[in-house]
Amino acid sequence: MQQLEFDQPGMAALLAPLDDGTLDSLGFGVIGFDADGKVQRYNRFESQAAGLGVERVLQQDLFLVVAPCMNNFLVAQRFIEARDAGVALDETIPYVLTLRMRPTKVRLRLLSAPDAALAYVLVQRL
């Protein structure tokens with residue numbers, strides 16, 4: 001399999017079947033969470049960049065515990081609106097992460113699909 005890129009078309013469908021080793025090899029952060037907001041997948045890149053161990057993050061609420069700086073209309077609300085409307089979400093936005101670190105400019109790619117078990121936030125540091 002070729003290396004996936006942050007901007008790769010169809011990314012939501014491509015992430016689901018990846019094993020943890022492949023997810024860990026990606027050059028950007030990947031956070032997968034379920035319909036209850038609980039983190040189910042968290043790759044090595046994001047763990048190292050954010051300084052949060054995988055064991056601290058898995059099964060925690062993404063927007064309340066792991067990344068409350070994303071619990072706003074720019075990020076969390078977009079997932080809620082897509083889910084409520086039953087539509088896919090694939091948007092990339094400029095963002096500044098502020099939790100547990102100095103303000104860090106990133107691009108976030110927000111991914112969800114009505115029939116998918118997990119939604120994803122991809123994090124590309126600039």
Side-chain angles (χ1 to χ4, degrees):
M1 181 174 144
Q2 75 179 46
Q3 179 71 13
L4 297 179
E5 299 297 329
F6 182 85
D7 291 321
Q8 186 137 357
M11 182 65 91
L14 298 172
L15 289 171
L18 296 183
D19 61 38
D20 290 342
T22 304
L23 209 65
D24 284 343
S25 73
L26 298 176
F28 51 86
V30 178
I31 307 168
F33 61 99
D34 63 20
D36 295 325
K38 303 285 191 238
V39 176
Q40 302 298 321
R41 305 194 79 189
Y42 192 71
N43 75 339
R44 181 180 306 134
F45 185 97
E46 187 59 24
S47 175
Q48 291 173 346
L52 295 172
V54 173
E55 63 286 344
R56 269 187 73 191
V57 171
L58 291 180
Q59 300 304 319
Q60 298 297 314
D61 190 288
L62 174 60
F63 299 114
L64 298 178
V65 177
V66 178
C69 64
M70 291 186 208
N71 191 12
N72 55 47
F73 74 96
L74 290 172
V75 182
Q77 188 64 34
R78 290 183 190 203
F79 285 103
I80 292 167
E81 290 172 359
R83 183 184 64 228
D84 290 351
V87 298
L89 173 66
D90 186 349
E91 292 186 36
T92 301
I93 60 171
Y95 203 72
V96 177
L97 297 175
T98 58
L99 185 68
R100 295 183 185 91
M101 61 187 80
R102 64 174 167 62
T104 304
K105 290 182 180 182
V106 299
R107 287 193 322 147
L108 298 179
R109 187 167 177 193
L110 315 178
L111 300 168
S112 68
D115 58 345
L118 299 180
Y120 291 90
V121 175
L122 307 184
V123 184
Q124 182 181 55
R125 273 132 178 105
L126 302 176

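Note that the structure is a prediction, hence the values are computed from the model and not measured.
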Just to verify, what does D61 make a side-chain hydrogen bond (donor to acceptor under 3.5 Å, both in side chains) with, not counting sequence neighbours?
none
Would a distance-only check, ignoring hydrogens and angles, find a side-chain to backbone donor-acceptor pair under 3.5 Å from D24 to N43?
no
Validation row: V106, V96 side chains within 4.5 angstrom (heavy atoms):
no
Walk me through whether Y120 and V30 qualify under side-chain contact (heavy atoms from CB on, under 4.5 Å).
CA-CA 7 Å; Y120 291 90; V30 178; 3.7 Å; yes
Under a single-linkage definition using a 4.5 Å side-chain heavy-atom cutoff for Ile, Leu, Val, Met, Phe, Trp and Tyr, are L110 and V87 assigned to the same hydrophobic cluster?
no
Any side-chain heavy-atom pair of S25 and Q3 under 4.5 Å
yes
Pairwise side-chain contact, T92 with F6, heavy-atom cut-off 4.5 Å (strictly under):
yes
Between V39 and Q59, is there a side-chain heavy-atom distance shorter than 4.5 Å?
no
Roughly how far apart are Q124 CD and E5 CD, rounded to 0.5 Å?
9.0 Å
Applying side chain to side chain donor-acceptor pair (under 3.5 Å), which residue pairs with at least one partner in residues 9-21 are found, sequence neighbours left out?
D19-T22, D20-R41
Side chains of R107 and L126, heavy atoms from C-beta outward: is any pair under 4.5 Å?
yes
Considering only heavy atoms from C-beta outward, does the side chain of R125 approach that of T104 to under 4.5 Å?
yes
Do you know the tightest heavy-atom contact between P114 and G86?
CG-O, 3.2 Å
Would you give the length of the straight line joining atom CZ of F79 to atom CG of L111, rounded to the nearest 0.5 angstrom?
7.0 Å
Separation between CG (L26) and CD (E46), nearest 0.5 Å, reads 12.0 Å
Close side-chain approach of L58 to V54, heavy-atom, < 4.5 Å
yes
F45 and G29 have their tightest heavy-atom pair at CD2-N, 3.3 Å
Step by step, would you call R78 with E91 a salt bridge (charged side-chain N to carboxylate O under 4.0 Å, His left out)?
CA-CA 9 Å; R78 290 183 190 203; E91 292 186 36; 2.4 Å; yes
Enumerate, atom names and distances included, each donor-acceptor pair closer than 3.5 Å involving a side-chain atom of residues 67-75, sequence neighbours excluded.
| from | atom 1 | to | atom 2 | distance (Å) |
| --- | --- | --- | --- | --- |
| N72 | OD1 | L74 | N | 2.9 |
| N72 | OD1 | V75 | N | 3.0 |
| N72 | ND2 | C69 | O | 3.1 |
| N72 | ND2 | Y95 | OH | 2.7 |

Indicate, with yes or no, if I80 and V65 share a hydrophobic cluster defined by side-chain heavy-atom contacts under 4.5 Å among Ile, Leu, Val, Met, Phe, Trp and Tyr.
no
Please check this pair: side chain of D34 against backbone of D36, looking for a donor-acceptor N/O pair closer than 3.5 Å.
yes
Drop me the distance from R102's CZ to L97's CG, to the nearest 0.5 angstrom.
11.5 Å
Could you tell me whether a side-chain N or O of T98 sits under 3.5 Å from a main-chain N or O of P103, the two making a donor and an acceptor?
no
Out of curiosity, L122 CG to Q8 CD, how far, rounded to the nearest 0.5 Å?
11.0 Å
Are V121 and F33 side-chain neighbours, meaning at least one heavy-atom pair lies under 4.5 Å?
yes
I need the Q60 CD to Q40 CD distance, nearest 0.5 Å.
11.0 Å
